[in-house]
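Structure first, commentary second.
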Amino acid sequence: MVHIPDGILPASVCVGGYAVTGLATWYSLRQISRQKDPTQDIPKAALMTAAFFVASSVSIPIPPASVHFILNGLMGTVLGYYTFPAMLVGLFFQAVMIGHGGLTTLGVNAAMMGIPALLAYHFFRSRYRLFNHPNARWAISVFGFLAGAIGLGLAAGIFYVLVVITIPSGFDLATERAAITGLTLAHLPLMIIEGVFTAMLMLFLWRVKPDLLERRG
Amino acid sequence: MNYSETSPVKAPMNAQNNLPSAIVTPPSNTAIAVTNLCFSYPDKPEVLQEIHLQVDTGDRLGIIGHNGCGKTTLFLLLCGVLTPTAGTIHLFDEPVIPGKFRPEVGLLFQDPDDQLFAASVQDDIAFAPQNMGLLTEEVEQRVEQALTLTGMESLADRPPHHLSGGEKQMVAIAGLLAMRPQIMLYDEPTANLDLRARRRLIQFLQQSQETLLVASHDLEFILEVCDRAILMSEARIVATGTPASIMGNADLMHTYGLEVPYSLRR
Amino acid sequence: MNYSETSPVKAPMNAQNNLPSAIVTPPSNTAIAVTNLCFSYPDKPEVLQEIHLQVDTGDRLGIIGHNGCGKTTLFLLLCGVLTPTAGTIHLFDEPVIPGKFRPEVGLLFQDPDDQLFAASVQDDIAFAPQNMGLLTEEVEQRVEQALTLTGMESLADRPPHHLSGGEKQMVAIAGLLAMRPQIMLYDEPTANLDLRARRRLIQFLQQSQETLLVASHDLEFILEVCDRAILMSEARIVATGTPASIMGNADLMHTYGLEVPYSLRR
Amino acid sequence: MRMTFDQYAHLTSPIHRWEPRLKLVGIAALIFAFAAVSDLRMLMPMLGVTGLLFGLSRLPGAFLLNRLRYPGYFLLGIVLVLPFLSGQTVIWQWGWLTVRQEGVLAMALVACRFLCIMTLTIVLLGTTPFLTTIKAMRSLGLPATLTDMTLLTYRYLYDIAEMLATMQQAMRLRGFRSRSQSKRFRRKDLQQFATLTGTLLIRSYEQSERVYKAMRLRGYNAQKPNLDTTQTGRVMIWDRFGLAASLSTAIGFVVLNLFLTLTPA
């Protein structure tokens, strides 16, 4: 869910998406090449991309339905500057292997997932500035929850803005705005579940492998 | 409780039973009865062909053969992960239904990392009892018992991920024992152990009560642990007997590309 | 080209040299010279303590000891992945600089999946020669030669993912051989092999030309492949000698929790 | 998860023989030109060009249908409301159910664009071994960091998927309820999925550290990261002709579409 397929968006939006993603990726790669050893994190980012791809394919039964988590909040937290390159690569494989998204919408989808991911990352790190005990259990839980919920909520919001505004329709602006708000709010339960799941995951990672969450200074 | 005609039963122990034996299902001591079992993936050569196997309660059966001879597939069929293309499998006279959870059989994977994922050793061991719907006290009791049996008490609060290879394996075993299985399947249990952990595992298995099936390339290990062995090659069972009689038979071993273990050489 | 005083040199072969030997660095046949090597992670107990080791060109050295005795750490130090906390390491009289690529040493990892990272077998083998900046023809020639040496010609176009465990390992070896290393380090090479693949590896190693270091729990394997052995325990080298003299010494082996291999028992 | 898309890359057809870099540029140009189509009168030519290329590629029709099915359902889920909600011209009414012309046309436009772009994507990726496609992208200027990440992700995707499958199997063998069996949501279940996912991430992370070591020990470095062994084939006259034809078709579509939208019928 939350992948825009081919054919829906007009070419200008697709090109715009590539422009945003291209710029973000270019900036990320430039930051990466400034590191002491820029190759060091390539295998890490690549395998984590694969792992996130695989993890998001797990269908989790929440009766009566089942959900897939998009985990972009966690992905931003774990990958930092590699988030955009990782989104590009991961979404490329999702598009060509299982038909989630598409080649023309790759740029749009990467921006739609990547920007909230980076915001979630900065948000999760902001607890270092805000608290004396940023790694207390409750701090990780609360901020993990919010990072996950923000990641999904923003992505869903962008998704509906793009789809509702660009699909040729006879609606007026007010109707469209109402539709976007309504559809995004309909994601509240999903945001809560994604947040809870992300918080659980972060607590687990913090306990077993803290490097994953805090290696950048 | 259907009772397969083809599964041979040794000495049904229904002496205490006064009814005519023809109309009651005789309680048997057959732990595993496999009849005419075949398995293959679509459009691939057979992985298992016409396997007949009977394992009695308390038997310790070693399975030897090269990678790809079908050992792991046999284990996955026995615990209902895979569906046979033909043939039947009964555990304690009850047919194995693919996908159905049978706590009486435990499978130890080759890589313990594949079966450890909780945040602490005791959470991991509690996983199966909790899924079985047991009460909290019962779960705790089983966890404690499994920790004692495997000698892992001191590690109860640690994340399994931080343990050494040998410790991980004992925790994985503990996680299975908490189901109180009657049959344990061990897939290459010594592959990643050093000599000390291997020796500990041998002593542990020699004292364990379950019916054991052990697939291993470590022939000396099978000689020490098992009282029966089968040799598999290209999807079939090609020899059955005591471990020493099979592994000591130089002609047989060479025919199937194996080597007589040093302890049996003169 | 500093020449460590403490590394003993056997018969420097500079006969063709006319200059007074005091002012030239004598070419030596010492492949590895390790002096007073120590290693530990911050705030952790020592992983290696005061290791002295000299390995001559063409030697085949087996390293035995339990998991955690420091074998893998020693290998990682020898190829410059880790930085020693004290001591020096020279390969062919040239000090090992951590992080610097030395194509003359190849390390075989325990799990071949960790070192088959390219998308096809031949891309994988070509990886090192390309990084060494060789010309395309030279790269192709090395790939071909490595494939022939390991008998993997028929798999050149396959993705590593689909190979069997034994094949993966031979491809990983081929990827190292393409660097033309003079020293090969093997970390637990038989752990995941069946008997047939293990035998093939033994035959391969018996014919290989490089200086070998083999860390393994498979004592029989070391007996067949190596001509020298060291026994490590708790960060130190506790015994050196021929494999048979060390492994045949029941007192020594028992002291360090090991077992005399069957082939050496009477 | 079915994860192959280049199993027919070894057939022979004019598209298969097309030099990979030129094919990539040519078909990508068409794909973006099709994304720009907004006039209904362009749909038939678009379908025609797509059909022609798919026919030339000799890929099996069943393969195409199979790959279109899942994203097709997803797309329908998004656009199926259009005929009922969008537009003023009612063309059919039955009780409260109305079908409106503008909505139907909008749906047709989106569905056709989707069909054509997906089909061309499949033609592009299905007629070239995936590695060759990546190498072609690299020699067209894809940054080395992205190339290496793509190749490594591809290499380990299958391994990690297998790792997950094995762990899930181990969980089921210890009584974890499969999807069909669970009726009630338990917090504990979510917790267990979280530790499963976390373990998967940690194992992948640790493997990446070992992979990096192995790469460094075979000379991988910052100066010239190269997991790809770029050896592009020779460009023949027919390759250039194909590129010229597809580029001019793409430009033709964009120009004609612009012309048609500016001069309404």
Side-chain angles (χ1 to χ4, degrees), chain C residues 72 75-76 78-82 98-134 136-137 139-140 143 157-163 168 172 174-179 181 183-185 187, chain D residues 1 3-7 9-10 128-138 144 147-163 165-166 203-233:
Chain C
T72 303
F75 280 180
L76 293 177
L78 285 179
C79 48
V81 171
L82 297 174
K100 193 178 159 224
F101 173 44
R102 293 283 291 263
E104 63 264 46
V105 53
L107 168 62
L108 188 80
F109 284 55
Q110 205 169 328
D111 182 352
D113 275 320
D114 293 340
Q115 60 190 150
L116 299 176
F117 36 74
S120 81
V121 165
Q122 62 189 342
D123 282 2
D124 204 278
I125 300 175
F127 183 78
Q130 271 171 346
N131 285 328
M132 292 160 73
L134 302 176
T136 314
E137 303 90 75
V139 171
E140 276 168 18
V143 171
D157 292 318
R158 298 266 293 277
H161 173 70
H162 294 294
L163 307 181
K168 279 182 185 171
L176 298 173
L177 292 183
M179 304 192 295
I183 302 171
M184 286 282 281
L185 314 174
D187 194 1
Chain D
M1 213 184 313
M3 299 206 296
T4 51
F5 48 91
D6 61 355
Q7 67 262 48
H10 296 285
T128 321
F130 180 65
L131 280 187
T132 313
T133 306
I134 296 299
K135 288 170 186 174
M137 288 180 175
R138 170 81 184 115
T147 313
D148 284 2
M149 271 184 69
T150 309
L151 289 168
L152 280 170
T153 304
Y154 181 65
R155 161 67 179 90
Y156 287 103
L157 200 50
Y158 300 93
D159 279 9
I160 292 173
E162 222 168 80
M163 195 194 283
T166 311
R203 289 179 72 184
S204 309
Y205 178 82
E206 288 179 344
Q207 180 164 27
S208 79
E209 289 177 328
R210 297 192 299 270
V211 168
Y212 178 64
K213 263 181 214 151
M215 291 173 75
R216 284 302 299 264
L217 288 175
R218 279 159 71 199
Y220 190 65
N221 65 43
Q223 277 68 53
K224 40 176 180 26
N226 65 333
L227 261 172
D228 65 316
T229 59
T230 308
Q231 282 154 12
T232 33

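The basis for the numbers below is simple: all heavy atoms, side chains too, and nothing from hydrogens, waters or symmetry mates. Naming: A, B, ... by sequence-line order, numbering from 1 per chain.
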message = Nearest 0.5 angstrom please: C:Leu107 CG to D:Lys213 NZ, how far?
response =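 Interatomic distance, C:Leu107 CG to D:Lys213 NZ, rounded to 0.5 Å: 9.5 Å.
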message = What's the separation between atom CZ in C:Phe109 and atom CG in D:Leu217, rounded to the nearest 0.5 Å?
response =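 Atom-to-atom, C:Phe109:CZ and D:Leu217:CG are 5.5 Å apart.
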query = What's the shortest heavy-atom distance between C:Phe127 and D:Met215, and which atoms?
reply =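 Heavy atoms of C:Phe127 and D:Met215 come nearest at CE2-O, 3.7 Å.
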ask   = Which heavy atom of C:Gln115 sits nearest a heavy atom of D:Ala214, and at what distance?
value =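 Closest approach of C:Gln115 to D:Ala214, heavy atoms only: CB-CB, 3.6 Å.
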query = For D:Phe130, is it the side chain, the backbone, both or neither that has a heavy atom under 4.5 Å from a heavy atom of chain C?
reply =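 When you check distances to chain C, no heavy atom of D:Phe130 falls under 4.5 Å.
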message = My understanding is that only one of C:Asp124, C:Asp113, C:Asp114 makes a salt bridge (charged side-chain N to carboxylate O under 4.0 Å, His left out) with D:Arg155; could you say which?
response =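 Only one option passes, and that is C:Asp113.
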inquiry  = Between C:Leu116 and chain D, with a heavy-atom cut-off of 4.5 Å, which part of the residue counts as in contact: side chain, backbone, both or neither?
reply    =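 Both parts, backbone and side chain.
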ask   = Looking at residues at least two apart in the chain, or sitting in another chain, which of them share a side-chain contact (heavy atoms from CB on, under 4.5 Å) with C:Pro103?
value =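 side-chain contact (heavy atoms from CB on, under 4.5 Å) list for C:Pro103, sorted by chain: C:Phe101, C:Met132, C:Met179.
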ask   = With a 4.5 Å limit on heavy-atom distance, are the side chains of D:Leu131 and C:Asp123 in contact?
value =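 Yes, at least one pair of side-chain atoms sits under 4.5 Å.
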